[in-house]
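We're numbering straight along the sequence, starting at 1.
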Amino acid sequence: MKRTSWSSGLSFSVDDVGVISHAGAIAPRLLADRVGLTAELSKAMARRRFVPVHDRGRVLIDVAVMLAGGGETISDIRVLRHQTGALGPVASAPTVWRTLDEVTAGKRKKIQVARARTRRHVWSQLPGGVPASKCAGRDLGSTIVLDVDATIVVTHSEKESTAPTYKRTFGYHPIGVWCDNTTEFLAASLRPGNAGSNTAADHIDVLGQAIAQIPANHRRDLLIRSDAAGASHDLLEWITSQNSVRGRRVEYSVGFSVTAPIRQAIAIAPEAAWGPALNLSGDIRDGAEVAELTGLLAPGMLAKWPEGMRVIVRRERPHPGAQLSMFEEADGWRYQVFATNTTTGQLQLLEARHRAHARVEDRIRHAKDTGLGRLPSREFALNQAWLTAVMIAADLVAWTRMLACTGVAATLAACEPKAMRYRFLHVAALLTRSSRRRRVKIPETWPWATAIEAVFHTIAAIPKPA
């Protein structure tokens, strides 16, 4: 048999037969309408005595849907314009440019309020309530975990406010906050490439925005996690001051540099102070141990830090090829230190809780796959508006997972952005019309057809906010 026999009689042509591509992208767009985000954004973007042909809130949602579907440039809005039979009128690329140009600093604040109001409604509709953050095979209960981190976005042209970065690249250095419970992208700030990693003012700014995004009844128990960039006096004092708000408890878990006083404390720590560390499943991890250094530090070492701060260290036998400091080469252990103000709990659980901060790297990677990796304009303000659309896109994906990918559709809940596009958002469908109704038909042979149908039915049943 000829190897090319499968292609015998196969031909290609361009013809309008009612087939639409990326039909799954209808789901997050419909979700935005059902939960009230489109209407809230329309209010936020409204201008006196100006009635646009394309509602600006709708345009922002369409940009976010485009990003969720893998779009990388503003011209990719044409993919949604291809689906006008199902979506209705969709703005052109020039209209998208004008809309992003209208997202001023004042409009961004209104958009933040719109997102917070919508989030309150979404969280009230979550089946089973807000998911618990998990570590070492256990969950943290009602604690809302906020992970803050910065990343480098490399640019290959001279855009406004770009600069050389500490990694010897060139571009921007945005900082963001993600909710570990829900994977939502709560807040972000676009910064020049030479912005500091441990600038306390930037951390405080985005964390303040992120806390404002959390519904009021869920702000009572917060945990803020960061790497060593968050171990600054100003930031930890600000976090500590948040506990003065009545009915609120805010804890932190931040990386801590291995300085000379820390090395001295490690050197004098007795073997009895070390206990076994835990792995991701909660079992004992061979070759890893945890100890507390707070009482072993030199007098006055913690005097300038907020009251109640504890210093905990983890040691582990390094993997082959790991780079060690001179101090670590002396005894063959690799050390990682973090600080926290949590007063209760086993050291092993506190250390595993801090190590779970590494999940923020996945959130950053997902954000870069959803628009953050390629900023479209030479103008800084337009790129800030694009970053706002990236956050909205991340929220829509997270809300689709939590609200609609349940039951039969649970197989889609664990998909990363690329897998969700491949299985769900990029599915082709046939659009038919009869009795003044439109019907989107997904091929029954598609492996995830049943799950996709369940997602659409679930979204259609979501009650609109009062």
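Between Leu223 atom CG and Ser133 atom OG the span is 7.5 Å, to the nearest 0.5 Å. Taken to the nearest 0.5 Å, the CH2 atom of Trp238 stands 13.5 Å off from the OH atom of Tyr252. The structure places SG of Cys135 at 4.5 Å from CG of Leu140, a figure rounded to the nearest 0.5 Å. Atom CD1 of Ile364 sits about 12.0 Å away from atom CG of Asp369, to the nearest 0.5 Å. With rounding to the nearest 0.5 angstrom, the CZ atom of Arg334 is 9.0 Å from the CD atom of Glu316. In this structure, Asp202 CG and Arg191 CZ are separated by 4.5 Å, a value rounded to the nearest 0.5 Å.
Side-chain atoms of Asp395 never come within 3.5 Å of backbone atoms of Glu184 as a donor-acceptor pair (strictly under, hydrogens ignored). Here the side chain of Ser257 pairs no donor or acceptor atom with the backbone of Thr259 at under 3.5 angstrom. Judged by distance alone, the side chain of Thr294 and the main-chain N or O of Val311 form a donor-acceptor pair under 3.5 Å. Remark: side-chain polar atoms of Asp101 are not paired, donor with acceptor, to backbone N or O of Leu382 under 3.5 angstrom. The closest donor-acceptor contact from the side chain of Glu160 to the backbone of Phe380 lies under 3.5 Å. Using a distance-only test at 3.5 Å, with no hydrogens or angles considered, no donor-acceptor pair links the side chain of Trp123 to the main chain of Val130.
Residues Leu207 and Leu235 form a side-chain contact, since some pair of their non-hydrogen atoms from C-beta on lies under 4.5 Å apart. Proximity of Leu293 to Ile266: side-chain heavy atoms (C-beta onward) are separated by under 4.5 Å at one or more points. Looking at Met66 and Asp76, their side chains come closer than 4.5 Å, going by heavy atoms from C-beta outward. A heavy-atom distance below 4.5 Å is not found between the side chains of Thr99 and Val63. Looking at Val35 and Pro465, their side chains never come closer than 4.5 Å, going by heavy atoms from C-beta outward. In this structure the side chain of Leu186 never reaches within 4.5 angstrom of the side chain of Gln209, judged on heavy atoms. Within the 4.5 Å cutoff, side-chain heavy atoms of Thr155 are placed close to those of Phe170. The shortest distance between side-chain heavy atoms of Asn383 and Pro376 falls below 4.5 Å.
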Is there a side-chain contact (heavy atoms from CB on, under 4.5 Å) between Ile224 and Val177? Walk through the geometry before answering.
CA-CA 9 Å; Ile224 295 173; Val177 181; over 6 Å; no

Could you go through Ile312 and Arg314, starting from their C-alpha distance and side-chain angles, then the distance that decides it, and tell me whether this counts as side-chain contact (heavy atoms from CB on, under 4.5 Å)?
CA-CA 7 Å; Ile312 300 171; Arg314 168 193 173 94; over 6 Å; no

Can Val103 and Gln384 be said to form a side-chain contact (heavy atoms from CB on, under 4.5 Å), step by step?
CA-CA 9 Å; Val103 182; Gln384 285 182 311; over 6 Å; no

Step-by-step salt bridge (charged side-chain N to carboxylate O under 4.0 Å, His left out) determination, Arg310 to Glu292:
CA-CA 8 Å; Arg310 303 169 63 187; Glu292 182 166 1; 2.9 Å; yes

List the steps, then state whether side-chain contact (heavy atoms from CB on, under 4.5 Å) holds for Leu412 with Arg401.
CA-CA 7 Å; Leu412 298 174; Arg401 285 197 188 105; over 6 Å; no

Going through the checks in order, is the salt bridge (charged side-chain N to carboxylate O under 4.0 Å, His left out) test met by Glu251 and Arg353?
CA-CA 12 Å; Glu251 298 178 346; Arg353 184 188 69 172; 3.5 Å; yes

Could you walk me through whether Asp234 and Ser232 satisfy the side chain to side chain donor-acceptor pair (under 3.5 Å) test, starting with their C-alpha distance in whole Å, then the side-chain angles of each, then the deciding distance to 0.1 Å, before giving a yes or no?
CA-CA 6 Å; Asp234 291 343; Ser232 63; over 6 Å; no

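Arg263 CZ: more than 12 foreign heavy atoms inside a 6.0 Å radius. The local environment of CD in Gln242 is crowded, with over 12 non-hydrogen atoms from other residues, nucleotides or ligands closer than 6.0 Å. With a 6.0 Å radius and a threshold of 12 heavy atoms from other residues, nucleotides or ligands, Lys368 has its NZ atom above the threshold. Environment of CZ in Arg138: sparse, with no more than 12 heavy atoms of neighbouring residues, nucleotides or ligands closer than 6.0 Å. Other residues, nucleotides and ligands contribute over 12 non-hydrogen atoms within 6.0 Å of the CG atom of Leu126.
For the side-chain hydrogen bond (donor to acceptor under 3.5 Å, both in side chains) test, residues two or more places apart in sequence or in another chain that qualify with Thr38 are Asp33. For His357, the ring-ring contact (aromatic ring centres under 6.0 Å, His included) criterion is met by no residue, not counting sequence neighbours.
Among all heavy-atom pairs drawn from Ala265 and Leu297, the shortest one is CB-CD2, 3.7 Å. Listed here is the closest heavy atom pair of Pro276 and Ile284: CB-CG2, 3.7 Å. Considering all non-hydrogen atoms of both residues, Ala114 and Leu37 come closest at O-CD1, 4.4 Å. Considering every non-hydrogen atom in both Ala32 and Leu396, the closest pair reads CB-CD2, 3.9 Å. Contact record, Ala393 with Ala64: CB-O, 3.3 Å, taken as the closest heavy-atom pair. In terms of heavy atoms, Ala231 sits closest to Phe256 at CB-CD1, 4.1 Å.
The stretch residues 206-232 participates, sequence neighbours left out, in these salt bridge (charged side-chain N to carboxylate O under 4.0 Å, His left out) pairs: Asp147-Arg225, Asp180-Arg225, Asp221-Arg249.
Using a cut-off of 4.0 Å between Lys/Arg side-chain N and Asp/Glu carboxylate O, Arg365 and Glu361 are scored as not salt-bridged.
Because its NZ or CZ atom is both nearer than 6.0 Å to the ring centre of Trp333 and within 45° of the ring axis, Arg315 counts as a cation-pi partner of that residue.
Taking the six-membered ring for Trp and thresholds of 30 and 60 degrees, His354 and Phe338 have nearly parallel ring planes, at less than 30 degrees apart. Between His233 and Trp305, the ring planes are parallel. Angles under 30° get that label, and only those over 60° would be called perpendicular. Taking the six-membered ring for Trp and thresholds of 30 and 60 degrees, Phe456 and Phe424 have ring planes more than 60 degrees apart, a perpendicular arrangement.
Partner Glu102 forms a salt bridge (Lys or Arg N to Asp or Glu O under 4.0 Å) with one of Lys107, Arg47, Lys110, Arg108 and no other, that one being Arg47. Just one residue in the list Ile211, Leu222, Thr182 forms a side chain to side chain contact (heavy atoms under 4.5 Å, CB included) with Ile144, and that residue is Leu222. None of Gln112, Arg120, Arg119 except one satisfies the side chain to side chain donor-acceptor pair (under 3.5 Å) rule with Gln213; the exception is Arg119.
Taking the six-membered ring for Trp and the full ring otherwise, His366 and Phe185 have centroids separated by 6.0 Å or more.
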